[in-house]
Asks: 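The following block contains the structure, expressed as structure tokens.
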Amino acid sequence: MKLQFITHFTDRYSYYDSARMALEGGCRWIQLRMKEAPIDSIEAEAIRIMKLCRDYKATFIIDDHVELAKKLGADGVHLGLNDMPIAHARAFLGKNFIIGGTANTFENVKRHVDVGADYIGMGPFRYTTTKKNLSPLLGLEGYSNILSQMRAEGISVPVVAIGGITYEDIGDIITTGVSGIALSGTILRAANPVTETARIMQKLGNG
Ligand SMILES: Cc1ncc(COP(=O)(O)OP(=O)(O)O)c(N)n1
Ligand SMILES: Cc1ncsc1CCOP(=O)(O)O
Ligand SMILES: [Mg+2]
């Protein structure tokens with residue numbers, strides 16, 4: 001079971017420090033997500049955090065910004081339903097970049113798989129303030145339904161659950177058949193984000 005840590009603006013930690021703490025806790029997959037930040041500051045953070053990820057041999061992906069990912073040689077991008085279409089991103093990036101796509105329905109999953117997405121970020125699991133304009137909440141039942149439709153149609157793309165997930169949810173979410181979880185707030189709100197990440201990694205079987 002994989003853990004993807006997603007950065008988010010807070011008054012307590014810089015983007016760099018939040019990524020560093022997740023890496024220190026054992027996470028090996030970081031997504032730089034800086035909503036509403038100017039592209040120059042996203043680039044500056046990306047350069048520093050990508051170097052840190054290289055030191056930890058961690059995967060580094062960038063939210064939304066396909067051209068920046070190519071320019072810097074990041075490992076990949078994450079694209080939502082209102083971002084550059086995955087087919088365009090694949091044509092632009094080639095096959096050596098990871099492309100993740102957001103899905104809220106089985107139809108979204110099928111569309112992403114048809115155009116070559118490498119993984120699916122499926123959510124939201126529950127309400128979260130980390131993202132505005134949320135799609136309908138899936139809950140455990142939503143994941144179970146979509147994952148069983150995927151199995152029935154032989155679709156085996158990795159699915160990462162996202163949205164308002166905490167340590168306590170992990171056991172139940174694993175039973176739905178997802179292959180990873182993406183977390184932001186629960187790590188950033190923890191008294192100690194490093195030990196919270198380590199606790200989560202252990203729960204996911206990576207400890
Ligand atoms: C792993 C993962 N899953 C979903 C998302 C959401 O992407 P998107 O719908 O494009 O929304 P923004 O993150 O861009 O606000 C994600 N970033 N990562
Ligand atoms: C980026 C994103 N996409 C759907 S929910 C979400 C936010 C995830 O962050 P948190 O774990 O704090 O809810
Ligand atoms: Mg997006």
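We number each residue from 1, following the sequence as shown. In listed order, ligands and their atoms are each counted from 1.
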Asks: Relative to each other, are the rings of Tyr143 and Phe125 parallel, tilted or perpendicular (30° and 60° limits)?
Replies: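 If you compare the ring of Tyr143 with that of Phe125, the planes turn out tilted.
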Asks: Please find the pair of heavy atoms, one from Gln31 and one from Tyr119, that lie closest to each other, and give the distance.
Replies: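 In this case the closest contact between Gln31 and Tyr119 is NE2-OH, 4.5 Å.
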Asks: Which one holds for Arg33 and ligand 2: side chain close, backbone close, both close, or neither close, with close meaning a heavy atom under 4.0 Å?
Replies: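 Within the 4.0 Å criterion, Arg33 contacts ligand 2 through side-chain atoms alone.
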Asks: Any idea which atoms of ligand 1 are less than 4.0 Å away from a heavy-atom of Gly80?
Replies: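 Result: 8 (P), 9 (O), 10 (O).
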Asks: For ligand 1, find out whether one of its N or O atoms is nearer than 3.5 Å to an N or O atom of Gln4.
Replies: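 In fact, backbone or side chain, Gln4 has no N or O that close.
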Asks: Where is the nearest protein heavy atom to atom 14 (O) of ligand 1: which residue, which atom, and how far?
Replies: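 Heavy-atom neighbour on the protein nearest atom 14 (O) of ligand 1: Lys35 NZ, 2.7 Å.
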Asks: If you count heavy atoms of other groups shown closer than 6.0 angstrom to CD of Glu141, is the number above 12?
Replies: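 No - once you tally the heavy atoms of other residues, nucleotides and ligands closer than 6.0 Å, there are 12 at most.
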Asks: Using a 3.5 Å cut-off on N or O atoms only, is Val160 in polar contact with ligand 1?
Replies: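 N/O-N/O distance under 3.5 Å: no.
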Asks: For ligand 1, does Ile6 get within less than 4.0 Å through its side chain, its backbone, both, or neither, judged by non-hydrogen atoms?
Replies: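 Side chain only; the backbone of Ile6 stays clear of ligand 1.
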Asks: Taking the Mg ion (ligand 3) as the centre, count the protein N/O/S atoms lying under 2.8 Å from it.
Replies: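 Of the protein's nitrogen, oxygen and sulfur atoms, 2 lie under 2.8 Å from the Mg ion (ligand 3).
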Asks: Quick one: look up the protein heavy atom nearest atom 10 (O) of ligand 1 and list residue, atom name and how far away it is.
Replies: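 The closest one turns out to be Asp83 OD2, 2.8 Å.
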Asks: Below 3.5 Å, N or O to N or O, backbone or side chain included: is there any such pair between Lys131 and ligand 2?
Replies: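 Min N/O separation from ligand 2 is not below 3.5 Å for Lys131.
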Asks: For atom 11 (O) of ligand 1, what's the nearest protein heavy-atom neighbour? Residue, atom name and distance, please.
Replies: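 Sorting protein heavy atoms by distance from atom 11 (O) of ligand 1 puts Lys131 NZ, 3.0 Å first.
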Asks: How close do Ala190 and Pro193 get, heavy atom to heavy atom, and via which atoms?
Replies: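 Heavy atoms only, the tightest pair is O-CD, 3.7 Å.
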Asks: For atom 18 (N) of ligand 1, find the nearest protein heavy atom and state the residue, atom name and distance (0.1 Å precision).
Replies: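 The protein heavy atom lying closest is Gln31 NE2, 3.0 Å.
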Asks: How long is the straight-line distance from OG1 of Thr105 back to CG of Leu81, given to the nearest 0.5 Å?
Replies: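 Reported to 0.5 Å precision, the distance equals 8.0 Å.
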Asks: Would you say that Glu67 contacts Phe92 through its side chain, given a criterion of any heavy-atom pair below 4.5 Å between the two side chains?
Replies: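 Heavy-atom side-chain distance check passes, below 4.5 Å.
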Asks: Can you list the atoms of ligand 2 that are under 4.0 Å from a heavy atom of Thr128?
Replies: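 Per the distance check, 5 (S), 10 (P), 12 (O), 13 (O).
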Asks: Do you know the tightest heavy-atom contact between Val194 and Asn192?
Replies: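 Smallest heavy-atom distance, with atoms named: N-OD1, 2.9 Å.
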Asks: What's the separation between atom CZ in Arg48 and atom CG in Leu52, rounded to the nearest 0.5 Å?
Replies: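 Output value for this atom pair is 9.0 Å.
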Asks: Are the side chains of Glu153 and Lys110 in contact, using a 4.5 Å heavy-atom criterion?
Replies: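 A side-chain contact under 4.5 Å exists here.
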Asks: Closest approach of Val160 and Ile181, non-hydrogen atoms and distance?
Replies: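 Looks like CG1-C, 3.5 Å.
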Asks: Decide whether an N or O pair under 3.5 Å exists between Gly163 and ligand 2.
Replies: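 No, there is no polar N/O contact under 3.5 Å.
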Asks: Do you know the tightest heavy-atom contact between Ile86 and Ala117?
Replies: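 Smallest interatomic distance, heavy atoms only, reads CD1-CB, 4.1 Å.
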Asks: Using distance alone, determine whether Ser184 and ligand 2 share an N or O pair under 3.5 Å.
Replies: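 Between Ser184 and ligand 2, an N or O pair is found under 3.5 Å apart.
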Asks: Considering Arg33, His78, His65 one by one, which has a heavy atom nearer to atom 13 (O) of ligand 1 than any of the others?
Replies: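 Among Arg33, His78, His65, the closest heavy atom to atom 13 (O) of ligand 1 belongs to Arg33.
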Asks: Tell me, which protein residue and heavy-atom name are nearest atom 9 (O) of ligand 1, and how many Å apart are they?
Replies: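 For this ligand atom, the closest protein heavy atom is Thr102 OG1, 3.3 Å.
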Asks: For Gly164, counting its heavy atoms only, list the atoms of ligand 2 lying under 4.0 Å from any of them.
Replies: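 In order of numbering, the contacting atoms are 10 (P), 11 (O), 13 (O).
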Asks: With a cut-off of 4.0 Å, which atoms of ligand 1 are near a heavy atom of Asp64?
Replies: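 Answer for ligand 1: 10 (O), 14 (O).
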Asks: Which of the listed options, Thr186, Thr130, Ile162, Asn104, holds the heavy atom that is closest to atom 6 (C) of ligand 2?
Replies: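 Comparing heavy atoms across Thr186, Thr130, Ile162, Asn104, the nearest one to atom 6 (C) of ligand 2 lies in Ile162.
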Asks: Does atom CG of Asn82 have more than 12 heavy-atom neighbours, drawn from other residues, nucleotides or ligands, at distances under 6.0 Å?
Replies: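 Counting other residues, nucleotides and ligands, CG of Asn82 stays at 12 neighbours or fewer.
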Asks: If the contact criterion is a heavy-atom separation under 4.0 Å, does Gly123 count as touching ligand 2?
Replies: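 It does not, in that no heavy atom of Gly123 comes within the 4.0 Å cut-off of ligand 2.
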Asks: What's the shortest heavy-atom distance between Val66 and Val77, and which atoms?
Replies: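 Minimum heavy-atom separation between Val66 and Val77: CA-CG1, 3.8 Å.
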Asks: For the residue pair Lys203 and Tyr167, would you count it as a cation-pi contact if the rule is NZ or CZ under 6.0 angstrom from the ring centre and within 45 degrees of the ring axis?
Replies: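 Relative to the ring axis of Tyr167, which defines the angle, Lys203 lies inside both limits.
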Asks: Heavy-atom distance under 4.5 Å between the side chains of Ile170 and Met1, does that happen here?
Replies: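 No, side chains not in contact.
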Asks: Can you check whether Tyr119 has an N/O within less than 3.5 Å of an N/O in ligand 1?
Replies: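 N/O-N/O distance under 3.5 Å: no.
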Asks: Check ligand 2 against Gly185 and write out every atom of the ligand that is under 4.0 Å from a heavy-atom position of the residue.
Replies: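 Listed by number with element: 10 (P), 11 (O), 12 (O).
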Asks: Mark yes or no for whether Asn104, through its side chain, and Pro136, through its backbone, hold a donor-acceptor pair below 3.5 Å.
Replies: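 Present.
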